Amino acid sequence: EEELVKAMEVWDLYTKDREKTNKTMVRGEKTPGGFYRLAVTVCIFNSEGKMLIQQRVSFKDDWPNLWDVSCAGSSISGDTSQMAAEREVFEELGLKINLQNERPHLTNHFVDGFTDVYILNLDVDLSKLKLQPEEVQNVKWATMQEIFTMLDEKTFIPYHKAWIELLFHRSKFRS
């Protein structure tokens, strides 16, 4: 049933200037030419300056068993960027956050969309998180250097080190 819901996930389509159109697409389809979709990433840092990272489950189609930033996913139809980020964090980690008065700290443009990146400074008790069994098998706190080592070992999704460094830098200067 979960897979059916995921398979029928409907995404809003946007113009290159990020204006929402009245058009949608279904997850898994190719994004129509000239349109873009919205994704979100949330990076949670604790007061020690470490990032909460998650390990993807072994049966994911993309990047199985690899570690990733705190949380990421696609906006579904009707979501604002903030709603999508709040929903993804709750679904994957069981953590309620409120981003209603936040703007994304960064927006990364990819071939067929935009990823809004939210950077939060929160001390989270990892033992209280409720991990989504279809997505996440483990979580832990990591320093930038630990993530760099994981990138070298190919146990982390292959982001550019400069991107990881930027996230850590922005966690200290959120204004």
Side-chain angles (χ1 to χ4, degrees), residues 11 14 16 18 31 36-57 60-76 79-132 134-175:
W11 298 340
Y14 297 80
K16 68 175 176 51
R18 204 174 162 144
T31 307
Y36 301 88
R37 60 188 185 86
L38 175 63
V40 292
T41 293
V42 179
C43 296
I44 300 171
F45 290 85
N46 67 14
S47 54
E48 295 175 20
K50 294 180 178 180
M51 185 194 298
L52 184 131
I53 61 174
Q54 64 158 274
Q55 187 179 25
R56 298 165 66 82
V57 292
K60 288 291 285 181
D61 290 338
D62 46 348
W63 314 116
N65 284 320
L66 292 190
W67 288 85
D68 195 0
V69 297
S70 309
C71 191
S74 293
S75 167
I76 58 175
D79 275 350
T80 63
S81 169
Q82 291 86 350
M83 288 164 58
E86 290 171 357
R87 180 180 44 74
E88 286 292 336
V89 170
F90 185 71
E91 282 179 5
E92 293 184 11
L93 304 175
L95 182 64
K96 280 196 181 296
I97 60 169
N98 183 338
L99 298 174
Q100 292 316 300
N101 296 318
E102 295 279 341
R103 290 188 316 143
H105 297 92
L106 300 161
T107 298
N108 188 32
H109 295 252
F110 59 98
V111 173
D112 61 349
F114 315 93
T115 299
D116 282 345
V117 181
Y118 294 89
I119 296 173
L120 305 178
N121 295 107
L122 283 176
D123 283 312
V124 175
D125 181 347
L126 300 185
S127 69
K128 293 208 168 44
L129 295 180
K130 185 179 184 303
L131 307 184
Q132 183 180 21
E134 301 84 11
E135 300 269 346
V136 182
Q137 63 176 304
N138 203 357
V139 289
K140 67 180 179 180
W141 294 106
T143 64
M144 182 169 64
Q145 197 53 57
E146 287 167 333
I147 293 173
F148 284 176
T149 300
M150 295 168 86
L151 285 164
D152 291 341
E153 294 169 347
K154 300 190 178 353
T155 57
F156 206 93
I157 289 180
Y159 297 110
H160 291 283
K161 287 183 181 177
W163 174 245
I164 298 297
E165 191 171 6
L166 178 62
L167 295 171
F168 273 85
H169 177 74
R170 287 301 301 262
S171 75
K172 295 176 183 73
F173 306 98
R174 288 193 39 225
S175 56

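Computed from a predicted structure; not experimentally measured.
Arg170 places a side-chain N or O within 3.5 Å of a backbone atom of His105 that can act as its donor or acceptor partner. Side-chain atoms of Glu86 come within 3.5 Å of backbone N or O of Leu99 as a donor-acceptor pair. The main-chain N or O of Met83 is never found under 3.5 Å from a side-chain atom of Asp79 such that the two would form a donor-acceptor pair. Judged by distance alone, the side chain of Thr155 and the main-chain N or O of Met150 form a donor-acceptor pair under 3.5 Å. A donor-acceptor pair is defined here as one N or O able to donate and one able to accept, closer than 3.5 Å; no such pair exists between the side chain of Glu102 and the backbone of Gln82. Within the 3.5 Å criterion, the main-chain N or O of Ile44 finds a donor-acceptor partner in the side chain of Ser70. Asp123 contributes a side-chain N or O that, together with a main-chain N or O of Ser47, makes up a donor-acceptor pair within less than 3.5 Å.
A donor-acceptor contact under 3.5 angstrom links the side chains of Gln137 and Asn65, judged on distance only.
Closest of all the heavy-atom pairs between Ala142 and Ile147 is CB-CG1, 3.9 Å. Across all non-hydrogen atoms, the minimal contact from Val111 to Tyr36 is O-CE2, 3.7 Å. Met144 and Glu165 get closest at one heavy-atom pair: SD-CA, 3.5 Å. Cys71 and Glu92 get closest at one heavy-atom pair: SG-OE1, 3.4 Å. Summarising the geometry of Thr41 relative to Cys43, their closest heavy-atom pair is CG2-SG, 4.0 Å, with the distance given to 0.1 Å. The shortest non-hydrogen separation linking Trp11 to Ile76 is CD1-CA, 4.1 Å.
The structure places CH2 of Trp63 at 9.0 Å from CZ of Arg56, a figure rounded to the nearest 0.5 Å. Separating the CG atom in Leu93 from the CG atom in Leu131 is a distance of 6.5 Å, to the nearest 0.5 Å. Between the OG atom in Ser171 and the CG atom in Leu166 there is a gap of 10.0 Å [rounded to 0.5 Å]. Rounded to the nearest 0.5 Å, atoms CH2 (Trp67) and CD (Gln55) are 4.5 Å apart. Interatomic distance, CG of Leu126 versus CG of Asn46, reported as 8.5 Å (0.5 Å rounding). To the nearest 0.5 Å, atom CG of residue Leu95 and atom CD of residue Glu88 are 13.0 Å apart.
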For this session: Quick one: do Val69 and Val117 satisfy side chain to side chain contact (heavy atoms under 4.5 Å, CB included)? Show the steps, please.
Result: CA-CA 11 Å; Val69 297; Val117 181; over 6 Å; no
For this session: Check step by step if side chain to side chain contact (heavy atoms under 4.5 Å, CB included) holds for Phe45 and Lys172.
Result: CA-CA 9 Å; Phe45 290 85; Lys172 295 176 183 73; over 6 Å; no
Problem set entry | Steps toward side chain to side chain contact (heavy atoms under 4.5 Å, CB included) verdict (Asp112, Arg37) | CA-CA 6 Å; Asp112 61 349; Arg37 60 188 185 86; 3.8 Å; yes
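Sequence neighbours left out, the pairs with a member in residues 151-162 that pass salt bridge (charged side-chain N to carboxylate O under 4.0 Å, His left out) are Asp152-Lys161.
We find that Asp116 and Arg18 are joined by a salt bridge, their nearest charged nitrogen and carboxylate oxygen being less than 4.0 Å apart.
Under the 4.5 Å side-chain criterion, counting only non-hydrogen atoms from C-beta, Asn108 is in contact with Trp163. Taking the side chain as every heavy atom from C-beta outward, Leu52 and Leu122 never approach each other to under 4.5 Å.
In this structure, the ring of Phe148 has its center no less than 6.0 angstrom from the ring center of Phe156.
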